[in-house]
Amino acid sequence: MVARRKVAVVGVALSDCGRVDDATPYALHAQAARRALADAGLDRSLVDGFASAGLGTLAPAEVAEYLGLRPTWVDSTSVGGSTWEVMAAHAADAIAAGHARVVLLAYGSTARADVRAGRRTGTLSFGTRGPLQFEVPYGHTLIAKYAMAARRHMIEYGTTIEQLAQVAVQARANAALNPEAMFRTPVTVDEVLAGPVIADPFTKLHCCVRSDGGAAVLLAAEEYVRDCRTAPVWVLGSGEYVSHAAMSEWADFTVSPAAVSGRLAFERAGLRPDEMDFAEIYDAFTYMTLVTLEDLGFCGKGEGGAFVEKGRLRVEGGDLPVNTDGGGLSAQHPGMRGLFLLVEAVRQLRGEGGERQVRRRGGQGGLPRLGVASGTGGWFCSSGTVVLGA
């Protein structure tokens, strides 16, 4: 039996993002993958594991073929936005057990360009079969489900719409420091509240942007780290959890599945939330950030509103920078955005954040040593959390 090996992220990259009208999703996969391999300095021939979801009839077979890969380990787990944190956990386990040596995670989407060209419409629901058939006729669109959960939190804990708006304001402040962000102009709470209502209580700026883009992450066994051109970022712990499919089966709208995946990830890493220097959190809507902060243990249940309103999420002046690139609310959101969280976390731990570079928590200065990426899928149906260390 092969001894368990340490696993590191050795390469990360984004494809062209934002407004990309002249590329296919396959091309964005390939662009991000090439850039991640170049970032790591590893030859493509070493890649024997591949994970992808969201494209093709036989994902990841079609994408692997397009990339010229013939993997002996594959994963096509598809649980929405949390897919990539779950896949990273699976890949790390496979590498640690000796089932793979180097695993590539890749994603690409032209969600914005497709709508613009009339190839698709805005996603109102995920379908009308199975358990969803009992909800869709009553207006349970994707955004309506998140809005309903947010309203429940407001009723239970007194969370205010102004506090939720602060999440959008601080995400935009971080995006202002990111030259690759889609929207960088600062916004105020009043501007967030004055926007058109999309699903009560969410106005437009409470909701993520729609963009094109791709991302890739390369994980490798510890013996390959010395051959890489970048400093390794170690996978310290991970957790995953699926809580429900139908809203009627969700026991508590104010508790996200990150309450379980986060606990497992921190326990397996042997670390606490208050040791993290930053957090990358899935933010299709402002409420997701707020409730995930609670459920990861950065504040108590019901205290998320008070926590976010004090500017804590900002790169500049915040004591827990969150979504340091501007997140899905301002930077980019081409669909299942969880892989972008891992890319940004790795860049921060390697000191590649540029103007948005965070420092060690607690005023200690120096580069961050620990960070967490937590993705959410569906309508709070699933969660994957990964703890990373420099």
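When a residue number appears, it is its place in the shown sequence, counting from 1. The analysis underlying the following values was restricted to heavy atoms, covering all of them including side chains, and did not include hydrogens, waters or symmetry mates.
With 3.5 Å as the limit, one finds no donor-acceptor pair spanning the side chains of Y146 and H206. For the residue pair Q332 and R337, a side-chain donor N or O sits within less than 3.5 Å of a side-chain acceptor on the partner. Neither side chain, T324 nor R356, offers a donor N or O lying under 3.5 Å from an acceptor on the other. No side-chain donor from either of Q166 and E162 sits under 3.5 Å from a side-chain acceptor of the other. Residues E294 and H153 bring a donor and an acceptor atom of their side chains to less than 3.5 Å of each other. A donor-acceptor contact under 3.5 angstrom links the side chains of S82 and S382, judged on distance only.
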*Would you please test E240 and H90 for side-chain contact (heavy atoms from CB on, under 4.5 Å) and show each step?*
CA-CA 10 Å; E240 56 195 86; H90 295 176; 3.1 Å; yes
*Output, in order, the C-alpha distance, side-chain angles, deciding distance and verdict of ring pair (Phe, Tyr, Trp, His ring centres under 6.0 Å) for F380 and Y287.*
CA-CA 11 Å; F380 284 121; Y287 175 60; 5.8 Å; yes
_Audit row: L349, F278, side-chain contact (heavy atoms from CB on, under 4.5 Å) steps and yes/no_ = CA-CA 10 Å; L349 289 167; F278 63 89; 3.8 Å; yes
*asked:* Determine whether V10 and L219 satisfy the following criterion, side-chain contact (heavy atoms from CB on, under 4.5 Å), listing intermediate values before the conclusion.
replied: CA-CA 6 Å; V10 295; L219 298 98; over 6 Å; no
*asked:* Run the side-chain contact (heavy atoms from CB on, under 4.5 Å) test on V192 and L164 for me, step by step, so that the C-alpha distance in whole Å, both residues' side-chain angles and the decisive distance to 0.1 Å come before the verdict.
replied: CA-CA 10 Å; V192 175; L164 289 172; over 6 Å; no
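Contact record, L290 with T159: CD1-CG2, 4.0 Å, taken as the closest heavy-atom pair. Between V217 and V12 the shortest heavy-atom distance is CG2-CG1, 4.1 Å. The heavy-atom pair separating Y282 from G375 by the smallest distance is CB-CA, 3.9 Å. Nearest heavy-atom pair across V315 and N174 is N-OD1, 2.8 Å. For D277 against P321, the heavy-atom pair with the smallest separation is O-CD, 3.6 Å. Summarising the geometry of G326 relative to D283, their closest heavy-atom pair is O-OD2, 4.3 Å, with the distance given to 0.1 Å.
How far CG of L341 is from OG of S374: 8.0 Å, rounded to the nearest 0.5 Å. Atoms CG and CH2, from D48 and W73 in turn, are 10.0 Å apart once rounded to the nearest 0.5 Å. In this structure, CG in L320 is found 6.5 Å from CG in L293, a value given to the nearest 0.5 Å. We find the CG-CG distance between L42 and L218 to be 6.0 Å, quoted to the nearest 0.5 Å. The structure places CD of E344 at 5.0 Å from CD of E280, a figure rounded to the nearest 0.5 Å. To the nearest 0.5 Å, the span separating CD on Q170 from OG1 on T286 amounts to 11.5 Å.
Between R347 and E180 there is a salt bridge, since a side-chain N of the basic residue sits under 4.0 Å from a carboxylate O of the acidic one. In this structure, R4 pairs ionically with D93, as a charged nitrogen and a carboxylate oxygen lie closer than 4.0 Å. Note on D319 versus R361: no salt bridge recorded, every NZ/NE/NH1/NH2 to OD/OE distance being 4.0 Å or above. In summary, E135 and K145 engage in a salt bridge, as defined by a charged side-chain N under 4.0 Å from a carboxylate O.
R210 has its side chain out of reach of H333: every pair of non-hydrogen atoms, C-beta onward, lies at least 4.5 Å apart. Between R172 and L205 there is a side-chain heavy-atom pair separated by less than 4.5 Å. By the 4.5 Å heavy-atom criterion applied to side chains, L388 and V372 are not counted as neighbours. No side-chain heavy atom of E85 sits less than 4.5 Å from a side-chain heavy atom of S238. With contacts defined as side-chain heavy-atom distances shorter than 4.5 Å, the pair L271/L236 qualifies. Residues F298 and R312 are not in side-chain contact: their nearest non-hydrogen atoms beyond the backbone lie 4.5 Å or more apart. Residues L69 and L104 have side chains in contact (heavy-atom distance under 4.5 Å, counting atoms from C-beta outward). Between M288 and V167 there is no side-chain heavy-atom pair separated by less than 4.5 Å.
T160 places a side-chain N or O within 3.5 Å of a backbone atom of Q163 that can act as its donor or acceptor partner. Remark: the backbone N or O of R369 is not paired with any side-chain donor or acceptor of R360 at under 3.5 angstrom. Side-chain N or O atoms of Q357 include one that pairs as donor or acceptor with a backbone N or O of Q348 at under 3.5 Å.
By the rule that hydrophobic residues join a cluster once side-chain heavy atoms approach within less than 4.5 Å of another member, Y66 and V20 end up as members of separate clusters. Linking ILVMFWY residues whenever their side-chain heavy atoms come closer than 4.5 Å, directly or via other members, leaves V358 and L367 in distinct clusters. By the criterion of side-chain heavy atoms lying less than 4.5 angstrom apart, applied directly or through intervening Ile, Leu, Val, Met, Phe, Trp or Tyr residues, L329 is grouped together with V308 in one hydrophobic cluster. Residues V242 and V386 do not share a hydrophobic cluster, defined by chaining ILVMFWY side chains whose heavy atoms lie under 4.5 Å apart. Note on F253: it does not cluster hydrophobically with V260, by side-chain heavy-atom contacts below 4.5 Å among ILVMFWY residues.
Counted within 6.0 Å of CZ on R359, heavy atoms from surrounding residues, nucleotides or ligands total more than 12; the atom is thus considered enclosed. With a 6.0 Å radius and a threshold of 12 heavy atoms from other residues, nucleotides or ligands, R119 has its CZ atom above the threshold.
Residues passing the side-chain hydrogen bond (donor to acceptor under 3.5 Å, both in side chains) test with Y107, sequence neighbours excluded: none. In this structure E62 satisfies the side-chain hydrogen bond (donor to acceptor under 3.5 Å, both in side chains) test together with Y26, sequence neighbours excluded. Under the side-chain hydrogen bond (donor to acceptor under 3.5 Å, both in side chains) criterion, E352 pairs with R350, not counting sequence neighbours. Residues satisfying the side-chain hydrogen bond (donor to acceptor under 3.5 Å, both in side chains) criterion with R152, sequence neighbours excluded, are E156.
Because its NZ or CZ atom is both nearer than 6.0 Å to the ring centre of F183 and within 45° of the ring axis, R19 counts as a cation-pi partner of that residue.
Screening residues 262-274 for side-chain hydrogen bond (donor to acceptor under 3.5 Å, both in side chains), with sequence neighbours left out, gives R272-D274. Screening residues 250-260 for side-chain hydrogen bond (donor to acceptor under 3.5 Å, both in side chains), with sequence neighbours left out, gives D252-T254, S256-D295.
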